[in-house]
**Student:** 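Let me begin by handing over the structure; questions about it come next.
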Amino acid sequence: MSSKGVVQYYFAYRKRIQTYGGFAIIIAIALVTYLVWQTGGIKFVYSHSMYLPVLAAGLIFGLPGGVLFAALAGVALGPWMPIDTSTGELQEPVNWMYRTAYFVLIGGLSGLVNDSFIRYIEYLRWLGRHDLKTKLPNRKLLFEDIDALNSNGFRHRTRGNRCLLMVVSIDNVKQLQGAFGFRVIDQIIKVYSKLLQQHFGKTATLYRTDSNQIAVLKNSCAEDSYTAQKDVIVLLKSTVSFGSYAVYVSTHAGAITISSAHETPETYLQQAEIALAHAYATQQDCVRYSSAIELTAQRSITLLGDLQDALRAKHLTMHYQPKIDLKSNSVCGVEALIRWKHPMYGDIPPSDFIPQAEQSTLILQVTEYVISQVTQQIMDWKAQGVEVPVAINISSHDLMAKGFGAKLLAELERCEIAGKMIEIELTEGSLINDFTHTQIELLRLSKAKIIISVDDFGTGYSSLQYLHRLPISVIKIDRSFIRNLPNGNGGRYIVDAAVTLAKNMGIETLAEGVETPEANAYLRKIGCDSVQGFYYSEALPADKFVEWYRNYEPVAAH
Ligand code: C2E
Ligand code: MG
Ligand code: MG
């Protein structure tokens with residue numbers, strides 16, 4: 001057994017070692033006493049054998065045990081033991097007292113060595129199981145505690161009892177560290193752990209399972225514990241003080257109820273973290289783990305891998321949805337929308353992979369792909385006599401990427417496509433990311449006559465002040481406001497206001513998701529410039545669009 005193994009064994013079986021060791025030491029003391037008696041008394045060398053059980057006592061029991069057994073050994077070889085058993089001559093008191101003092105010294109010293117060793121090992125064990133900065137237990141201790149529950153707890157639980165494992169994570173770590181340095185996260189974890197402990201009560205143990213993550217293990221809670229605890233994030237919504245600053249912290253939580261010893265502790269924590277990732281992705285405060293969530297998570301990760309392959313193999317196609325000018329009823333453009341037929345999952349809607357791709361740099365590859373497909377399409381259509389501007393959806397990552405505008409312009413030049421044939425659709429959020437950079441980039445594109453529009457207008461963070469300072473030509477009013485037109489006051493008021501406001505600012509309006517003649521008529525009545533939606537056509541493959549375009553009769557149809 002290695003020295004590490006010996007230490008582990010000692011700590012695991014300390015009580016047992018002390019019980020058996022105690023008996024063994026008493027027997028050893030008795031045996032040495034018998035040996036001294038049998039070999040003729042204390043004047044011979046055999047009395048020194050008593051140091052062995054005395055040393056062992058110190059090593060097994062520490063200082064008090066070492067002293068106690070040493071005193072016992074001193075008494076065993078004490079006044080009653082003759083110097084010479086054949087003559088029966090007894091020892092001088094100073095003789096046996098001196099020997100006992102030696103025993104006590106040796107037993108005490110070995111006990112001290114043992115105590116220091118154990119304290120040191122215990123400190124090392126504590127270090128391995130705690131976070132130094134906050135003194136909170138760490139991931140390793142969480143695993144050990146769940147293991148202990150697995151092996152003891154659940155066996156004694158009455159039916160229906162559960163144990164809740166919740167992980168709470170700080171999302172905006174990079175921003176916080178960038179602004180205030182590394183210590184800010186430790187400070188937030190300290191504040192949050194106090195709040196969480198108060199909230200969950202004494203039956204809960206808190207762990208720092210990652211630099212930005214706290215786990216709560218709540219024992220013996222009722223079956224509906226998750227329902228009772230899922231609002232915990234509300235508690236953490238207040239700002240945290242750091243020096244003289246009030247710091248905004250964004251948090252999400254994931255939870256799992258553990259009711260049996262089916263899984264390993266690592267799996268339970270992983271499942272809680274899957275729920276946490278889902279909460280973050282879907283912008284919910286807290287999500288409870290289910291196998292459906294895990295499947296979705298696995299699928300979205302494997303999808304991103306597949307997406308890369310699909311881009312390389314050109315398995316993604318573009319569909320085109322017409323935009324209609326409401327004054328002339330003519331087709332004033334098309335929007336290019338990406339389509340993916342996955343070999344295993346079939347048609348995958350963009351909403352299932354674009355948001356994920358937008359969280360990584362993969363979106364840059366998607367946009368590059370879309371631009372190359374669209375420019376090729378414009379050239380092909382031109383050859384067929386079809387000339388309509390094509391809108392491309394652009395993400396905030398694209399706009400932030402170095403040289404995005406220059407690359408787009410270079411591609412248009414290479415394909416000899418005029419700027420007015422391209423429109424870029426940006427969401428409100430992407431416009432305010434880095435305003436100065438956005439402004440420079442968009443001015444460069446608008447100078448080349450590229451049309452710039454704001455997609456899904458009304459759903460994001462709209463600052464009219466920003467819009468006013470950017471070269472925006474069109475706002476595309478989100479389809480959620482158009483759906484119930486001309487009924488549904490909420491949506492109608494927003495649409496009315498958006499159209500009026502845009503007109504005053506010299507910006508055109510387009511209504512997305514027009515599905516009915518009533519909505520179409522209403523939009524025309526209030527002066528909306530153009531529309532797009534299933535009422536005219538869904539997004540079509542390129543050849544089908546040409547067919548539709550050639551058959552479209554502006555005046556008669558609408
Ligand atoms: P979006 O840019 O707002 O595109 C409009 C979405 O509304 C399209 O969904 C379109 O099919 C749908 N739509 C159009 N008319 C109607 C209607 O009358 N009723 C209803 N219910 N829906 C209508 P799609 O193609 O699923 O795209 C969803 C979103 O995915 C797009 O929203 C856009 O944000 C994103 N997207 C699509 N293609 C691309 C792309 O090539 N690049 C990027 N970055 N994003 C894309
Ligand atoms: Mg769009
Ligand atoms: Mg839209």
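Whatever order the structure lists them in is the order used to number ligands and atoms, beginning at 1.
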**Student:** Counting backbone and side-chain atoms alike, is an N, O or S atom of E425 positioned under 2.8 Å from the Mg ion (ligand 2)?
**Tutor:** yes
**Student:** For Y320 and E335, test the side chains for any donor-to-acceptor distance below 3.5 angstrom and give the result as yes or no.
**Tutor:** no
**Student:** What protein heavy atom lies closest to atom 42 (N) of ligand 1? Include the residue and the distance to one decimal.
**Tutor:** N393 O, 3.6 Å
**Student:** Hey, is ligand 1 close enough to T367 that some N/O pair sits below 3.5 Å?
**Tutor:** no
**Student:** Which of the atoms of ligand 1 are close to Q321, meaning less than 4.0 Å from one of its heavy atoms?
**Tutor:** 14 (C), 15 (N)
**Student:** Check each atom of ligand 1 against the heavy atoms of V370 and keep those under 4.0 Å away; list them by number with element.
**Tutor:** 41 (O)
**Student:** Rounded to the nearest 0.5 Å, what's the gap from CG on L470 to CG on L443? Could you check?
**Tutor:** 7.5 Å
**Student:** Is ligand 1 under 4.0 Å from a heavy atom in the side chain of V514, in the backbone, in both, or in neither?
**Tutor:** backbone
**Student:** Is K544 salt-bridged to E547, going by a charged N under 4.0 Å from an acidic O?
**Tutor:** no
**Student:** Between ligand 1 and G533, is the shortest N or O to N or O distance under 3.5 Å?
**Tutor:** no
**Student:** Give the single entry among E512, H397, E515 that approaches atom 5 (C) of ligand 1 most closely by any heavy atom.
**Tutor:** E512
**Student:** Can you confirm whether something in the protein, heavy atoms only, sits under 4.0 Å from atom 32 (O) of ligand 1?
**Tutor:** no
**Student:** Side chains of D380 and Q376: any donor to acceptor distance under 3.5 Å?
**Tutor:** yes
**Student:** Counting only nitrogen or oxygen atoms and a 3.5 angstrom limit, does R479 reach ligand 1?
**Tutor:** yes
**Student:** Assess E335 for proximity to ligand 1: is some non-hydrogen atom of it under 4.0 Å away?
**Tutor:** yes
**Student:** Look at E273 together with R139 and state whether they make a salt bridge at an N to O cut-off of under 4.0 Å.
**Tutor:** yes
**Student:** Looking only at side chains, do Q373 and K314 share a donor and an acceptor under 3.5 Å apart?
**Tutor:** no
**Student:** Quick one: do the D398 and T367 side chains pair a donor with an acceptor below 3.5 Å?
**Tutor:** yes
**Student:** N520 and Y536: side-chain donor and acceptor closer than 3.5 Å?
**Tutor:** yes
**Student:** Check the angle between the aromatic planes of F545 and W548 and answer parallel, tilted or perpendicular using the 30° and 60° thresholds.
**Tutor:** parallel
**Student:** Going by distance alone, is a donor N or O of one side chain under 3.5 Å from an acceptor N or O of the other, for S453 and E425?
**Tutor:** no
**Student:** Which of the N/O/S atoms in E335 sits closest to the Mg ion (ligand 2)?
**Tutor:** OE2
**Student:** Please compare L316, T427, L337, I338 and report which has the shortest non-hydrogen distance to atom 4 (O) of ligand 1.
**Tutor:** L337
**Student:** Please confirm whether D455 comes within less than 3.5 Å of ligand 1 when only nitrogen or oxygen atoms on both sides are compared.
**Tutor:** yes
**Student:** Which ligand 1 atoms does I354 reach within 4.0 Å, using its non-hydrogen atoms?
**Tutor:** 43 (C), 45 (N)
**Student:** Heavy-atom distance to atom 28 (C) of ligand 1: which of P349, P350, S480 wins?
**Tutor:** P350
**Student:** Regarding D456, does it place an N, O or S atom less than 2.8 Å from the Mg ion (ligand 3)?
**Tutor:** yes
**Student:** Side chains of Y522 and D496: any donor to acceptor distance under 3.5 Å?
**Tutor:** yes
**Student:** Kindly confirm or rule out an N or O of F534 lying under 3.5 angstrom from an N or O of ligand 1.
**Tutor:** yes
**Student:** May I ask whether R339 has any heavy atom positioned less than 4.0 angstrom from an atom of ligand 1?
**Tutor:** yes
**Student:** Rounded to 10°, how big is the angle at the Mg ion (ligand 3) from D455 OD1 to E512 OE2?
**Tutor:** 90°
**Student:** Under a 3.5 Å threshold, yes or no: a donor from one side chain and an acceptor from the other, between H252 and D285?
**Tutor:** no
